[in-house]
Amino acid sequence: MKRVAILISGGGSNMIKLVESMTGDHPARAVLVASNDANAAGLQKAAQMGVATAAIDHRPYGKDRAAFEAELLKPILAAQPDILCLAGFMRVLTPDFVGQFAGRMLNIHPSLLPKYPGLHTHARALEAGDTAAGCTVHEVTPVLDDGPILGQARVAIAPDDTPDTLAARVLVQEHRLYPAVLRRFAQGDRAPLIL
Ligand code: GRF
């Protein structure tokens, strides 16, 4: 049984779908939900689902990312995860942290990578006049939003879309894609899944 730790920063809607998916004959189980914000609403939801939680506030560490990550690593390593899932986790991780989970850390990003790494992906797609948007699950490597693609789901852009209406439709696809990719990944299948 693979052990999965999930990192969040906010509501954790993707985390909830991941935790809910890991039941029955699923080859993995959630063992920890950790956040850089003690007030992240997802932490309460994780606890309600019976998953251990941890919160390490990044603010006291200022620009010292390494010091923050050293603290964040403590509950993560104590949970002994096989796989680390970033799900709405909004802190950039150092290459050193990423290196400790090389080949076993996933992230979901709300664009069709390699287009629009970084923030404000939907506004950028609309600004560019794109006709499609979507989300990507990828392996996390030291370069932000850049690792091997494990899955993608596309969403048509409507003429009257705003960043918010588009984000809402993409989020629905994120909630389908991430659990499906995690299940395959936990079974050692890294072939890209295109929904
Ligand atoms: C989602 O758009 C996700 O793609 C991005 O963070 C946003 C919020 O995710 N990584 P969640 O609701 O906290 O899972």
Side-chain angles (χ1 to χ4, degrees), residues 4-22 28 30 32-49 51 53-58 72 76 81 83-93 97-98 101 105-127 130 132-141 143-157 161-183 185 192-195:
V4 176
I6 306 171
L7 301 189
I8 66 170
S9 294
S13 71
N14 278 289
M15 173 275 297
I16 292 166
K17 298 299 182 186
L18 291 176
V19 171
E20 289 175 344
S21 73
M22 289 185 265
L32 177 71
V33 173
S35 181
N36 63 297
D37 180 349
N39 298 318
L43 289 173
Q44 291 169 7
K45 293 170 193 151
Q48 286 161 8
M49 291 188 284
V51 183
T53 61
I56 310 290
D57 187 347
H58 67 275
L72 180 62
I76 292 173
I83 300 170
L84 201 53
C85 288
L86 307 183
F89 187 67
M90 302 309 276
R91 304 302 297 168
V92 173
L93 295 164
F97 185 101
V98 172
F101 298 95
M105 179 150 68
L106 310 181
N107 180 45
I108 187 155
H109 179 75
S111 79
L112 294 172
L113 291 173
K115 292 185 82 170
Y116 312 125
L119 298 174
H120 313 303
T121 59
H122 305 306
R124 291 155 66 190
L126 291 170
E127 183 64 32
D130 291 357
C135 51
T136 304
V137 176
H138 63 95
E139 283 189 45
V140 176
T141 58
V143 177
L144 187 69
D145 298 333
D146 184 64
I149 289 175
L150 294 169
Q152 287 196 316
R154 296 173 74 82
V155 167
I157 293 180
D161 260 325
T162 64
D164 287 347
T165 60
L166 183 53
R169 274 207 317 284
V170 171
L171 197 59
V172 171
Q173 298 307 314
E174 293 177 31
H175 295 166
R176 292 176 64 220
L177 181 68
Y178 212 168
V181 170
L182 175 59
R183 183 172 185 132
F185 191 83
L193 173 64
I194 306 302
L195 290 187

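Every number for a ligand or one of its atoms is a count from 1 in the order of the listing. Keep in mind that this is a model prediction, so the values were computed, not measured. Along the sequence shown, the residues carry numbers beginning at 1.
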Exercise for the section: May I ask whether C135 has any heavy atom positioned less than 4.0 angstrom from an atom of ligand 1? Expected result: no
Only pairs under 3.5 Å count here: list side-chain donor-acceptor contacts from residues 144-155, not counting sequence neighbours, and write none if there are none.
unit_1	atom_1	unit_2	atom_2	d
D145	OD2	G118	N	2.8
Q152	NE2	L113	O	2.9
Q152	NE2	T136	OG1	2.8

Practice task
Looking only at protein heavy atoms, identify the closest one to atom 9 (O) of ligand 1 and say how far it is in Å.
Solution key: N14 ND2, 3.6 Å
Problem - Side-chain touch L86/F101, heavy atoms, less than 4.5 angstrom - result: no
Practice task
Check ligand 1 against S13 and write out every atom of the ligand that is under 4.0 Å from a heavy-atom position of the residue.
Solution key: 11 (P), 12 (O), 13 (O), 14 (O)
Handout entry: Nearest neighbour in protein (non-hydrogen) for atom 2 (O) of ligand 1
Key = E174 OE2, 3.4 Å
Handout entry: Test item: K17 side-chain N/O and R176 main-chain N/O as donor-acceptor pair under 3.5 Å
Key = no
Exercise for the section: Indicate whether any N or O donor in one side chain lies under 3.5 Å from an N or O acceptor in the other, for H109 and T121. Expected result: no
Practice task
Answer yes or no for I108: is there a heavy-atom contact with ligand 1 below 4.0 Å?
Solution key: yes
Practice task
Decide whether S9 and D37 meet the rule of one side-chain donor and one side-chain acceptor closer than 3.5 Å.
Solution key: no
Problem - Protein contact to atom 8 (C) of ligand 1 [nearest heavy atom, distance to 0.1 Å] - result: G88 CA, 4.3 Å
Exercise for the section: Taking only heavy atoms of G12 into account, list the atoms of ligand 1 that are under 4.0 Å away from them. Expected result: 11 (P), 13 (O), 14 (O)
Exercise for the section: Ignoring hydrogens and angles, tell me if any N or O in the side chain of S35 forms a donor-acceptor pair with the backbone of A38 under 3.5 Å. Expected result: no
